[in-house]
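Notes follow once the structure below has been shown.
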Amino acid sequence: ELGVIKVGLELFTKEGPSAVRLGEELGLDVFLDLKLHDIPETVERAVASVAKLGAKYLTVHASGGEAMLARAVERAKKESNGLTILAVTWLTSLDASDLAAQAIPGTPAEHALRLAKLAWKAGVRGFVCSAAEVATLRRELGPEAILVTPGIRPAGAAAGDQKRTATPRGAIENGASLLVVGRP
């Protein structure tokens, strides 16, 4: 079932706000995947601008810190148009070796959970996490959390640049709220 259109960074930088309006034309919610990560004031102002575009979901990096996340959530609520902030935990194109290269302790699942808990404390209730972490986040955060799972591939499909992928069935069974199905 198609319920949300994802507008990623590449499309948004090419087409701008008109890409977001496509959702309205088709009667579908828009997931604006910009992965904002900046100082709190800048992210808050960007959230205000996105709210005016009518997007339903907007991504920010959980690693931006508690103050940035809180300001994003507060501004989304202030705009009162239903914009939901989604905190990206750990990109699906990264794995344990990338954590080690950045001197971040633990596994991708442990790191994703740390970041999700930080974001939860800041008021975020939506998260982007791989299917490998979705069961843990669902268990730890409960049914209120919106868990968006990218890296979805049909069984036997090439992973491409994604290192942590899953089938649609696997992600749903583990507790995903929304699946991001892109290139396949």
Side-chain angles (χ1 to χ4, degrees), residues 1-92 112 115-131 133-134 137-152 168 171-172 174-182:
E1 178 181 323
L2 178 67
V4 180
I5 295 174
K6 177 186 168 200
V7 174
L9 184 60
E10 186 178 353
L11 177 59
F12 191 76
T13 57
K14 183 177 181 185
E15 300 297 331
S18 65
V20 179
R21 287 192 279 279
L22 180 62
E24 184 180 333
E25 292 171 20
L26 296 173
L28 297 170
D29 289 333
V30 172
F31 165 31
L32 189 53
D33 190 15
L34 299 182
K35 297 178 185 78
L36 302 177
H37 187 210
D38 210 318
I39 63 172
E41 181 75 16
T42 299
V43 169
E44 179 184 351
R45 289 180 185 194
V47 168
S49 294
V50 167
K52 290 175 180 61
L53 296 177
K56 172 73 175 166
Y57 303 100
L58 172 65
T59 55
V60 300
H61 274 286
S63 59
E66 190 174 344
M68 185 203 80
L69 295 165
R71 297 270 296 268
V73 169
E74 289 166 16
R75 188 56 181 252
K77 286 179 183 175
K78 181 179 177 182
E79 297 298 326
S80 302
N81 70 342
L83 178 62
T84 298
I85 300 298
L86 300 173
V88 176
T89 56
W90 186 242
L91 296 172
T92 54
L115 289 171
K117 285 182 174 182
L118 171 79
W120 188 271
K121 184 178 173 190
V124 174
R125 294 299 179 262
F127 303 87
V128 178
C129 62
S130 85
E133 293 93 45
V134 73
L137 267 63
R138 176 63 67 212
R139 184 177 58 253
E140 293 290 325
L141 303 176
E144 181 184 354
I146 299 167
L147 302 178
V148 178
T149 307
I152 301 301
I172 291 168
N174 284 326
S177 307
L178 295 170
L179 305 180
V180 179
V181 182

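Sequential numbering from 1 along the given sequence is applied to the chain's residues. Computation of the quantities below employed the complete heavy-atom set of this structure, encompassing side-chain atoms and omitting hydrogens, waters and symmetry-equivalent molecules. The structure displayed is predicted, hence computed values, not measured ones.
Of the inter-residue distances, the one linking Arg45 atom CZ with Leu36 atom CG reads 14.5 Å to the nearest 0.5 angstrom. The distance from atom CG of Leu26 to atom CZ of Arg21, rounded to the nearest 0.5 Å, is 13.5 Å. For the atom pair CG (Leu141) and NZ (Lys117), the distance works out to 8.0 Å, reported to the nearest 0.5 Å. In this structure, the separation between OG1 on Thr149 and CG on Leu178 is 8.5 Å, given to the nearest 0.5 Å. The CG atom of Leu86 lies 7.5 Å from the CG atom of Leu58; values are rounded to the nearest 0.5 Å.
Residues satisfying the side chain to side chain contact (heavy atoms under 4.5 Å, CB included) criterion with Lys121, sequence neighbours excluded, are Glu66. With sequence neighbours left out, the side chain to side chain contact (heavy atoms under 4.5 Å, CB included) criterion links Arg138 to Ala145, Leu147, Ser177. Applying the side chain to side chain contact (heavy atoms under 4.5 Å, CB included) rule to Ala48 yields the partners Lys52, Arg75, Glu79; only residues at least two apart in sequence or on another chain are considered. Applying the side chain to side chain contact (heavy atoms under 4.5 Å, CB included) criterion to Ile172, with sequence neighbours excluded, gives Leu179.
Contact of the Val47 side chain with the Leu83 side chain is registered, since non-hydrogen atoms from C-beta on lie closer than 4.5 Å. Side-chain contact between Val60 and Met68: present, with at least one pair of heavy atoms (C-beta onward) separated by less than 4.5 Å. Taking the side chain as every heavy atom from C-beta outward, Val180 and Val148 approach each other to under 4.5 Å.
Summarising the geometry of Gly23 relative to Val30, their closest heavy-atom pair is CA-CG2, 3.5 Å, with the distance given to 0.1 Å. The shortest heavy-atom contact between Val124 and Ile85 is CG1-O, 3.8 Å. Between Trp120 and Arg125, the shortest heavy-atom distance links the atoms O-NH1, 2.8 Å. The two residues Lys35 and Thr59 have their closest heavy-atom pair at N-OG1, 2.7 Å. Smallest separation of non-hydrogen atoms from Val128 and Thr89: O-OG1, 2.9 Å. Nearest heavy-atom pair, Val73 versus Gly123, reported as atom, atom and distance to 0.1 Å: CG1-O, 3.7 Å.
Environment of CD in Glu24: sparse, with no more than 12 heavy atoms of neighbouring residues, nucleotides or ligands closer than 6.0 Å.
The backbone N or O of Val134 sits nowhere less than 3.5 Å from a side-chain atom of Asn174 that would complete a donor-acceptor pair. Side-chain N or O atoms of Glu133 include one that pairs as donor or acceptor with a backbone N or O of Ser130 at under 3.5 Å.
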Which pairs would a plain distance check flag for residues 5-19, meaning a side-chain donor or acceptor within less than 3.5 Å of a matching protein atom at least two apart in sequence or in another chain?
unit_1 : atom_1 : unit_2 : atom_2 : d
Lys6   : NZ     : Asp33  : OD2    : 3.4
Thr13  : OG1    : Leu9   : O      : 3.0
Thr13  : OG1    : Glu10  : O      : 3.1
Ser18  : OG     : Glu15  : O      : 2.9

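Counting only residues at least two apart or in different chains, ring pair (Phe, Tyr, Trp, His ring centres under 6.0 Å) contacts with residues 28-70 comprise His37-His61.
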